[in-house]
**Q** 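Right, I'll just put the structure down here and ask away after.
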Number of protein chains: 2
Amino acid sequence: MGAMTAADTELARLAKALGHPARVAIVRRLLARGECACGEIVDGLPLAQPTVSQHLKVLKIAGLIVGEVDGPRVCYCVDPRMVRRVKDLIGGL
Amino acid sequence: MGAMTAADTELARLAKALGHPARVAIVRRLLARGECACGEIVDGLPLAQPTVSQHLKVLKIAGLIVGEVDGPRVCYCVDPRMVRRVKDLIGGL
DNA sequence: ATCGTTCATCGTAGATATACGATGACACAT
DNA sequence: ATGTGTCATCGTATATCTACGATGAACGAT
């Protein structure tokens, strides 16, 4: 016992993805709205569109959200399994 | 509704502090042991002593742990209120 | 007073994160 | 084909993070 475990790495990876106010706000908004186009997210944040897109990418790589192309738009929503996973890992502390 | 709230910033701040495997491992160890001297933490991690001390500082600034000087040693333990706070904030997602 | 132990801080190199303008890619119109 | 609206990616500047050797500060023992 002592070294960093796989669970430590997984939790750190997810926590890091949530380690920026904009990304927390995005997740919260998606949970409230169910799903949301990128533009709406941009409108709700005091950040430029490329910056928001970059934050969305971080959340997507972490697996917390998924993006579905819908015509000219991209619709984002949370992956409830990953949100559950975060809650379990934090709750397991 | 839309902009980043104070709760978003607080959660992001705490999540960021947990956004490194070593820091998660430290918190977990402290929760398991109750309290722990710095040296024991160093021994349990594949990192140099200054690096561990730096990680401890991050956790301390975030309020997740507190350090008490005990002779030549420094005894660390988690602040249970802050751990509760993290769980509540994550659970509230 | 000097030494050994324990831990923090300093200084620094390399990597990663954050922000945005500019540009590219794609779908849907006209 | 041309244009418009939507979003991703590129390029880049600045800041922050991560790691460690070297050094400093504080305590207990000799």
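All of these numbers come straight from a predicted model, not from anything done at the bench. Note on naming: letters A, B, ... go to the chains in the order of the sequence lines (proteins, then strands), and numbering restarts at 1 for each one. FYI, side chains are in, hydrogens and waters are out, and symmetry mates aren't considered; it's all heavy atoms of this structure.
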**Q** Starting from P on dA8(C), measure out to CZ on Arg73(B) and report it in whole angstrom.
**A** 13 Å

**Q** Where the side chain of Leu56(B) is defined as all heavy atoms beyond and including C-beta, which of dT9(D), dA8(C), dT9(C) is the nearest nucleotide?
**A**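 It is dA8(C).
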
**Q** Measuring from Leu14(A):CG to Ile90(A):CD1, what's the distance to the nearest 0.5 Å?
**A**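 One finds 9.0 Å between CG of Leu14(A) and CD1 of Ile90(A).
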
**Q** Mind calculating the distance between CZ (Arg13(A)) and P (dA17(C)) to the nearest angstrom?
**A** 12 Å

**Q** Please report, rounded to the nearest Å, how far the C1' atom of dT6(D) is from the OH atom of Tyr76(A).
**A**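 It is 11 Å, rounded to the nearest whole Å.
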
**Q** Specify the separation, in whole Å, of atom NZ of Lys57(A) and atom C1' of dA19(C).
**A** 15 Å

**Q** To the nearest angstrom, how far is Glu40(B) atom CD from dT5(C) atom P?
**A** 17 Å

**Q** Going by atom type alone, with no hydrogens or angles, which donor-acceptor pairs under 3.5 Å involve a side-chain atom of residues 51-76 of chain B and a protein atom two or more places apart or on another chain?
**A**
unit_1	atom_1	unit_2	atom_2	d
His55(B)	ND1	Arg23(B)	NH1	3.0

**Q** Encode nucleotides 12-26 of chain D as B, S and - characters from 5' to 3', where the letter depends on protein heavy atoms closer than 4.0 Å: B to the base, S only to sugar-phosphate, - to neither.
**A** -----SBBBBB----

**Q** With a sphere of 6.0 Å drawn around CD of Glu35(A), does it hold more than 12 non-hydrogen atoms of other residues, nucleotides or ligands?
**A**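 Atom CD in Glu35(A) is not crowded, with 12 or fewer foreign heavy atoms closer than 6.0 Å.
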
**Q** Could you list all the ring pair (Phe, Tyr, Trp, His ring centres under 6.0 Å) pairs where at least one residue sits in residues 31-54 of chain B, not counting sequence neighbours?
**A**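 Checked against ring pair (Phe, Tyr, Trp, His ring centres under 6.0 Å) - neighbours excluded - no pair reaches residues 31-54 of chain B.
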
**Q** Could you tell me how far apart Leu59(A) (CG) and dA8(D) (P) are, to the nearest whole angstrom?
**A**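 Computing the Leu59(A):CG to dA8(D):P distance gives 12 Å.
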
**Q** Between atom CG in Asp70(A) and atom P in dC28(C), what is the gap in whole Å?
**A** 9 Å

**Q** To the nearest 0.5 Å, what is the distance between CD1 on Ile26(B) and CE on Met4(A)?
**A** 9.5 Å

**Q** Which heavy atom in Leu45(B) sits nearest to a heavy atom in Ala25(B), and how many Å separate them?
**A** CD2-CB, 4.1 Å

**Q** In whole angstroms, how far is the P atom of dA8(C) from the CD1 atom of Ile61(B)?
**A**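 Rounding to the nearest Å, CD1 of Ile61(B) and P of dA8(C) are 12 Å apart.
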
